[in-house]
S.K.: 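Submitted below is the structure of interest, expressed as structure tokens.
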Amino acid sequence: PEDIRVYEFAEACAKSPAEVITVLFGLGMMVTKNDFLKQDELEILGEEFGIEVTVKDALEDANYIDDYLEEEVDETNFVTRPPVVTIMGHVDHGKTSLLDKIRSSKTASGEAGGITQHITAYTIKQNDQKITFVDTPGHAAFSSMRARGASVTDVIIIVVAADDGVKQQTEEVISHAKAANCPIIVAVNKMDKEGANIDMVKAQMAEREMTPVDWGGDIEFIPVSAKTGNGIDDLLENILLQSEILELAADPKAKAKATVVESSLEKGRGPVATVIVQNGTLRVGDNIVCDTTYGRVKAITNDLGKQVEELGLSETGRILGLNDVPDTGTFMVAQDSDKEARDIATTRAEHARAKELSKSTKVSLEEMSGLI
Ligand code: GTP
Ligand code: MG
């Protein structure tokens, strides 16, 4: 499943690296024996040498270690887990305000020490059922998550401002949401505003194959106001209805697997990763690997800012203890030993570096040949 270097390819088809390089050179492709071969190069070489070359797609390749980390799924310990809901929408349509309002209206006062600061992910309770929400700081983060195959989201809420309607980013979000293949709910926000027009929003969305239920389609449109809080209960009930159908389940006893939804380097604390647990239970002391970073969970702060010993299914918190800042959308996976965690991270880092290096070598050779 890994990339193949020129000399490895040569070895595999009983040629010398020089022969491989010569063929490519003849076609104006400069490679050295340690370079990784690109898809088109592999195809050409296959034709040239009369051998069959199967090229796996890039995404599969990028996740090759994730495949290796994938354990056999044992459903005996499965329990129902709360849904993870991602809020997306055009800039300024009220994603963050809506999330803040949901949080403040659903958290007993004092519990969070007075919620003023916005956080990216949190869990609330609606009628004793938990829901985890994730804010998106722009659609870019979501697509990078998707590209890495980290489908953390169970339900997508598209926020559209009732006084503004469908805008460019709304359209982008619609295509992301469709590709994600999970239930979509449209929250028509800012219903308190004078120019609010839910029918306009419905018509614009229907044009984009997002037809409202009351118009004969299958998408729920819920009018809300992040300002007054109107409609929020309806929205939450709807989320619970949609997620019930999904029959979400996971194993709290499995090796912890979580998705990074936010990360940063904090003064005095080091790398901090906000994660959502997808399977298992993540505990203080766990050896973890997260893409090319690794470490041991030193501390966990939950979404209420409290230090906790563990995070359960669909719960979210901030993790301290990684040796570097991981990218959003990457998986954090618990390992049996610190050696295992370090080995996986190091292998990945080497792989990434080698790939980067082969790219830059090629560029510089091309630049050089342009100069000659
Ligand atoms: P980005 O994260 O920048 O994409 O924006 P956002 O979608 O998170 O929007 P945000 O919550 O920051 O709200 C943008 C503006 O709209 C703010 O000034 C909010 O006060 C206002 N706003 C949000 N929701 C409502 C609402 O329901 N009613 C009214 N009247 N104003 C709202
Ligand atoms: Mg926002």
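Only heavy atoms go into these numbers, but all of them, side chains included; no hydrogens, no water, no symmetry mates. Residue numbers run from 1 in the order of the sequence given.
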S.K.: Which residues satisfy the side chain to side chain donor-acceptor pair (under 3.5 Å) test with Thr132, sequence neighbours excluded?
M.R.: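 Counting only residues at least two positions away or on another chain, Thr132 forms a side chain to side chain donor-acceptor pair (under 3.5 Å) with Thr123.
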
S.K.: Any donor-acceptor pair under 3.5 Å linking the side-chain atoms of Asn189 with those of His93?
M.R.: no

S.K.: Are more than 12 heavy atoms from other residues, nucleotides or ligands located less than 6.0 Å from atom NZ of Lys178?
M.R.: yes

S.K.: Classify the side-chain pair Asp192/Ser225 by whether it contains a donor and acceptor separated by less than 3.5 Å.
M.R.: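 The criterion, which ignores hydrogens and geometry beyond distance, is satisfied for Ser225 and Asp192.
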
S.K.: Between Asp234 and Gly231 (side chain of the first, backbone of the second, donor and acceptor by atom type, cut-off under 3.5 Å), is there such a pair?
M.R.: no

S.K.: Restricting to salt bridge (charged side-chain N to carboxylate O under 4.0 Å, His left out), what partner residues turn up for Asp163, sequence neighbours left out?
M.R.: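 Result, salt bridge (charged side-chain N to carboxylate O under 4.0 Å, His left out) vs Asp163: Lys193.
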
S.K.: Could you pull out the closest heavy-atom pair between Ile300 and Leu282, with the gap in Å?
M.R.: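 That would be CD1-O, 3.7 Å.
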
S.K.: Please round to the nearest 0.5 Å and tell me the distance separating atom SG of Cys13 and atom CG of Leu45.
M.R.: 7.5 Å

S.K.: If we check side-chain contact (heavy atoms from CB on, under 4.5 Å) with Val159, which of these qualifies: Val224, Thr96, Leu98?
M.R.: Leu98

S.K.: Any side-chain to backbone donor/acceptor pair from Asn279 onto Asp251? Under 3.5 Å, distance only.
M.R.: yes

S.K.: Does some side-chain heavy atom of Pro83 sit less than 4.5 Å from a side-chain heavy atom of Leu246?
M.R.: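 No - every pair of side-chain heavy atoms lies 4.5 Å or more apart.
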
S.K.: Can Thr211 and Ile219 be said to form a side-chain contact (heavy atoms from CB on, under 4.5 Å), step by step?
M.R.: CA-CA 6 Å; Thr211 313; Ile219 309 281; 5.9 Å; no

S.K.: Once salt bridge (charged side-chain N to carboxylate O under 4.0 Å, His left out) is applied, do any residues pair with Arg296, and if so which ones, sequence neighbours excluded?
M.R.: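 Arg296 satisfies salt bridge (charged side-chain N to carboxylate O under 4.0 Å, His left out) with no residue once adjacent residues are dropped.
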
S.K.: So, using salt bridge (charged side-chain N to carboxylate O under 4.0 Å, His left out) as the criterion, who are the partners of Arg81 when residues are at least two apart?
M.R.: Asp154

S.K.: Can a donor-acceptor pair be found, under 3.5 Å and without considering hydrogens, that links the side chain of Gln126 to the backbone of Leu236?
M.R.: no

S.K.: Using the rule given for side-chain contact (heavy atoms from CB on, under 4.5 Å), can you reason through Phe221 versus Asp214, listing the C-alpha separation, both sets of side-chain angles and the distance that settles it, and then say yes or no?
M.R.: CA-CA 9 Å; Phe221 282 60; Asp214 48 334; 5.6 Å; no

S.K.: Please name the pair of heavy atoms, one in Pro82 and one in Ser314, separated by the smallest distance, quoted to 0.1 Å.
M.R.: O-OG, 2.6 Å

S.K.: With ILVMFWY side chains joined below 4.5 Å, transitively, what does Val272's cluster contain besides itself?
M.R.: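 For the cluster that includes Val272, the remaining residues are Leu320.
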
S.K.: Can you find a pair of side-chain heavy atoms, one from Asn197 and one from Val201, that are under 4.5 Å apart?
M.R.: no

S.K.: Please say yes or no: joined through hydrophobic side-chain contacts below 4.5 Å, possibly via intermediate residues, are Leu248 and Ile239 part of one cluster?
M.R.: yes

S.K.: Calculate, to the nearest 0.5 Å, the distance between atoms NE2 and CD belonging to His176 and Gln169 respectively.
M.R.: 9.5 Å

S.K.: Output all residues satisfying salt bridge (charged side-chain N to carboxylate O under 4.0 Å, His left out) with Asp233, sequence neighbours left out; order by chain, then residue number.
M.R.: Lys106

S.K.: Any Lys/Arg nitrogen of Asp164 or Lys190 sitting under 4.0 Å from an Asp/Glu carboxylate oxygen of the other?
M.R.: no

S.K.: For Thr76, which residues count as a side chain to side chain donor-acceptor pair (under 3.5 Å) partner, sequence neighbours excluded?
M.R.: Asp74

S.K.: Do the non-hydrogen side-chain atoms of Asp336 and Asn287 ever get within less than 4.5 Å of each other?
M.R.: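 Not in contact.
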
S.K.: What's the shortest heavy-atom distance between Leu240 and Lys130, and which atoms?
M.R.: CD2-O, 4.4 Å

S.K.: With a 4.5 Å heavy-atom cut-off, do Val289 and Arg348 have their side chains touching?
M.R.: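 Result yes, sub-4.5 Å side-chain heavy-atom pair found.
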
S.K.: For Leu313, which fellow cluster members are found when Ile, Leu, Val, Met, Phe, Trp and Tyr are connected by side-chain heavy-atom distances below 4.5 angstrom, either directly or through intermediates?
M.R.: Val79

S.K.: Can you tell me if Lys15 has over 12 outside heavy atoms packed within less than 6.0 Å of its NZ?
M.R.: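 For Lys15, atom NZ is crowded (more than 12 foreign heavy atoms under 6.0 Å).
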
S.K.: Indicate yes or no for a side-chain donor-acceptor contact from Tyr122 to the backbone of Leu99 under 3.5 Å, with no hydrogens or angles considered.
M.R.: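 Pair found, side chain donor or acceptor close to backbone of Leu99.
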
S.K.: Go through the structure and list residues passing side chain to side chain donor-acceptor pair (under 3.5 Å) with Gln168, not counting sequence neighbours.
M.R.: Glu172

S.K.: Heavy-atom distance under 4.5 Å between the side chains of Leu235 and Ile157, does that happen here?
M.R.: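 Heavy-atom side-chain distance check passes, below 4.5 Å.
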
S.K.: Would you say Asn302's side chain and Leu304's backbone share a donor-acceptor pair under 3.5 angstrom?
M.R.: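 Yes, the answer is positive, given that a donor and an acceptor are paired below the 3.5 Å cut-off.
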
S.K.: Under the side-chain contact (heavy atoms from CB on, under 4.5 Å) test, which residues partner Met191, sequence neighbours left out?
M.R.: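 So Met191 forms a side-chain contact (heavy atoms from CB on, under 4.5 Å) with Ala162, Val188, Ala196, Ile198, Pro223.
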
S.K.: Determine, stepwise, if the pair Ile184 / Gln242 fulfils side-chain contact (heavy atoms from CB on, under 4.5 Å).
M.R.: CA-CA 9 Å; Ile184 298 167; Gln242 303 265 6; over 6 Å; no

S.K.: Give me the atom names and distance for the closest heavy-atom approach of Ala256 to Thr281.
M.R.: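 So the minimum-distance heavy-atom pair works out to CB-O, 3.3 Å.
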
S.K.: Which pair of heavy atoms, one from Pro326 and one from Leu322, lies closest together, and at what distance?
M.R.: CG-CD1, 3.6 Å

S.K.: Is there a side-chain contact between Thr292 and Asp324, using heavy atoms and a 4.5 Å cut-off?
M.R.: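 A side-chain contact under 4.5 Å is absent here.
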
S.K.: Considering residues at least two apart in sequence or located in another chain, which fulfil the side-chain contact (heavy atoms from CB on, under 4.5 Å) criterion with Ala12?
M.R.: none

S.K.: Taking all heavy atoms of Leu311 and all of Thr316, pick out the closest pair and write down the distance.
M.R.: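 Smallest interatomic distance, heavy atoms only, reads CD2-O, 3.7 Å.
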
S.K.: Val325: which other cluster members, linking ILVMFWY side chains closer than 4.5 Å, directly or transitively?
M.R.: Leu265

